[in-house]
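Reviewing the structure listed below.
Positions are given from 1 along the sequence. Quick caveat: nothing in here was measured; it's all calculated off a predicted structure.
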Amino acid sequence: MAAAPSRASLLAMFGPKRGLSKILQGSVTIGRGAQAELQLVDDKVSRAHCRLEPVAGGYHVVDLGSRNGTWVNGQRLSGPVLLKAEDQLGVGESVLIFAPSFEVLRGAETDATLLLSSSHSRGIEELPPAAADTVLLHALEKVHGAATPHAAARALAACTRSLFNAAQVVVLEQHAFAKPCAAAPETAVIALPKALLEHAAHTRNACMTAEVQREAVAAEHVTQVRSGEAALLCCALRKHGELWGWLVAMRRQPFSGDEAARFAAVGLLCGSALAQTVKPPRPVVPKRLVAESMAMKQAVAQALAAARTSSTVLITGETGTGKEELARLIHANSPRAAGPFVALNCGAVSATLAESEFFGHERGAFTGAVTLRRGVFEQAHGGTLFLDEIAELEPSLQVKLLRALQERIITRVGGARPLSVDFRLVAATHRALSDEMGRGAFREDLYWRLNVVPLSLPPLRERQADIRPLVETLLLELCQRMEISVPPVDAAVFTTLEGVAWPGNVRQLRNVLERALVLKGSAAAVSVADLPPDAFEGSVGLVSSKGTLGERIAALEREHIGRALRQARGIKVAAATALGISRPTLDRKIAEHRIDVFATPAD
């Protein structure tokens with residue numbers, strides 16, 4: 001005969017501070033079905049999982065043939081078991097704790113206690129979220145889970161493109177809207193009316209318009225430019241109500257009203273993740289990149305602005321101006337700084353091995369390919385690829401480079417499996433690519449793919465303010481390599497070097513200084529006499545190219561002293577100070593060169 005119902009209880013624990021309870025009165029069936037007195041909505045619980053039966057001294061627990069079994073204190077039931085105080089009853093994902101009295105249950109550490117009754121409802125209908133909303137939640141999770149604002153912007157662009165089936169998506173900052181901080185794909189090019197941004201900035205809704213877009217389609221020998229109207233969808237990205245930037249999507253088919261509403265929701269929910277308040281990192285400038293002149297400061301400022309994005313950069317400038325150093329500056333200050341920097345001079349690549357150099361090759365792909373080799377595209381994965389002298393590429397390689405830039409997919413020579421590569425391209429050339437296109441040596445479509453962010457380095461003759469710091473930097477580098485102490489430099493040397501045209505730019509200056517270190521012998525300081533003769537070739541009106549070395553040096557010295565006297569208006573003390581020599585030395589030089597102080601009017 002069954003014992004009278006006892007006032008015992010069960011506590012279903014879902015965590016250390018949360019629980020659900022059931023006061024036991026008589027026999028209790030536990031299961032997923034609606035007829036169970038204690039219903040647990042859990043796929044791992046059978047419809048009629050187990051039953052608690054009152055007996056003398058407490059309750060028995062009996063498994064009812066459940067699929068996943070009933071567990072007491074970690075042991076699976078094989079028969080009826082008498083429950084004791086604090087026994088843990090495992091049913092599916094729930095752990096039920098048996099308490100012999102209601103007072104024990106009331107003293108349990110839980111935030112809430114609910115009485116579960118058997119279900120007499122019409123049933124529970126599970127409503128799965130719409131597939132698009134699932135993607136939206138996943139996108140928001142990726143954006144807000146990004147480690148940095150730049151990573152969040154890239155995640156937002158990629159997720160938005162997938163969510164709205166857009167051809168291209170860009171994320172723009174308010175103060176740099178012409179240079180997207182993120183895009184999907186990375187090579188996205190969108191013709192965007194500024195009026196659309198201005199309108200979106202004054203509303204919390206998404207704005208839509210149509211705009212003609214142009215797309216270059218490359219074939220083996222022909223490039224076709226397709227033009228057509230496309231739909232643009234734009235919304236503002238805000239932080240604490242303040243405008244931070246814009247999210248823009250483009251595709252050929254118009255966007256629906258529902259899509260526009262969800263697009264605005266994405267912008268509203270993701271704006272704060274992009275506009276995190278972070279201390280901007282201090283720019284990393286390579287020691288060899290000297291920028292004291294205004295022209296060079298402007299070039300460095302433009303490079304630092306471009307570094308924050310993943311856009312392709314094309315650097316132009318004369319030979320020896322420091323294009324590779326500028327490329328390293330861009331890499332060091334980009335989100336890819338932790339990745340590799342791979343440099344390749346296209347003019348130094350053999351035509352027969354160029355494809356292997358770029359794309360790599362499989363073992364046995366050709367005679368001599370005894371091992372697998374990764375090309376520069378693979379080597380630069382996650383970092384920056386610098387292609388110097390890009391104009392030297394053969395036309396056949398230009399087509400393959402264009403395809404790699406468009407698709408970011410390559411195949412090794414002798415391989416069949418396509419490989420996805422992620423790199424940021426910085427290209428450089430000393431030639432005018434417009435002239436190369438005019439004579440058919442360079443593809444126009446590749447030029448427009450490279451010329452996303454153009455940067456130009458000024459020649460050294462336009463950077464006179466950089467001469468002194470460049471000399472000091474290069475002398476330190478040379479002396480460290482030659483394992484000698486750095487000698488002082490006469491002031492006349494700086495004045496001399498500032499007057500040279502420098503057709504070879506910084507590379508020529510380095511050679512001149514290296515020869516000066518060798519020629520000066522045991523002399524304490526580097527003087528004008530130590531400079532090689534070709535240092536004066538191409539000088540800006542300072543000295544004639546005729547005569548012996550001694551005559552040319554004497555003429556140069558006379559010219560410098562005369563200039564210093566003119567600038568000092570004949571005051572010898574001031575002129576001597578400017579020349580870096582003593583007053584007696586100046587008097588001796590004036591007498592030696594027969595300079596008439598009173599015949600040197602001010603400039």
Any side-chain heavy-atom pair of [X] and [Y] under 4.5 Å:
X	Y	value
V493	T495	no
W244	E173	yes
V471	V526	no
V349	L393	no
L509	L497	yes
L402	Q406	yes
C235	V248	no
S334	S310	no

Whether the side chain of [X] engages the backbone of [Y] through a donor-acceptor N/O pair (distance < 3.5 Å, no angle test) should be reported.
X	Y	value
R408	L405	yes
T321	E318	yes
Q464	E498	yes
D530	S527	yes
Q168	P185	no
N505	L460	yes
W502	R461	no
S162	C159	no

R251 charged N/C atom sitting above F164 aromatic ring, 6.0 Å / 45°: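 Judged by the rule (NZ or CZ under 6.0 Å from the ring centre, within 45° of its axis), R251 is not positioned above F164.
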Option from E325, E324, H331 for which side-chain hydrogen bond (donor to acceptor under 3.5 Å, both in side chains) with R328 holds: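 Among the candidates, only E324 passes.
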side-chain hydrogen bond (donor to acceptor under 3.5 Å, both in side chains) partner of E389, chosen from H430, K323, R431: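 Result: among H430, K323, R431, H430 is the only option passing the side-chain hydrogen bond (donor to acceptor under 3.5 Å, both in side chains) with E389.
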Please identify each residue that fulfils side-chain hydrogen bond (donor to acceptor under 3.5 Å, both in side chains) with [X], with sequence neighbours left out.
X	value
D490	none
D422	R336
R510	E477
R417	none

Distance-minimising heavy-atom pair for A427 and F386: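 Heavy-atom minimum between the residues: C-CE1, 4.5 Å.
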Closest heavy-atom pair and its distance - A307, R424: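 Looks like O-NH1, 3.8 Å.
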Qualifying salt bridge (Lys or Arg N to Asp or Glu O under 4.0 Å) pairs with a residue from residues 369-381, counting only residues at least two apart or across chains: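 Qualifying pairs, neighbours excluded: E357-R373, R374-E378, E378-R412.
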Side-chain polar contacts of residues 292-300 - donor-acceptor pairs under 3.5 angstrom, sequence neighbours left out - could you list them?
unit_1	atom_1	unit_2	atom_2	d
S293	OG	M296	N	3.3
S293	OG	D466	OD2	2.8

N-O pairing of R481 and E514 below 4.0 Å: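 Looking at E514 together with R481, the answer is yes, because their closest N to O distance falls below 4.0 Å.
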Y447 ring center within less than 6.0 Å of F442 ring center: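 No, ring centres 6.0 Å or more apart.
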Partner of V313 by side-chain contact (heavy atoms from CB on, under 4.5 Å), out of V426, L326, L425: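 By the side-chain contact (heavy atoms from CB on, under 4.5 Å) criterion, V313 pairs with just one of V426, L326, L425: V426.
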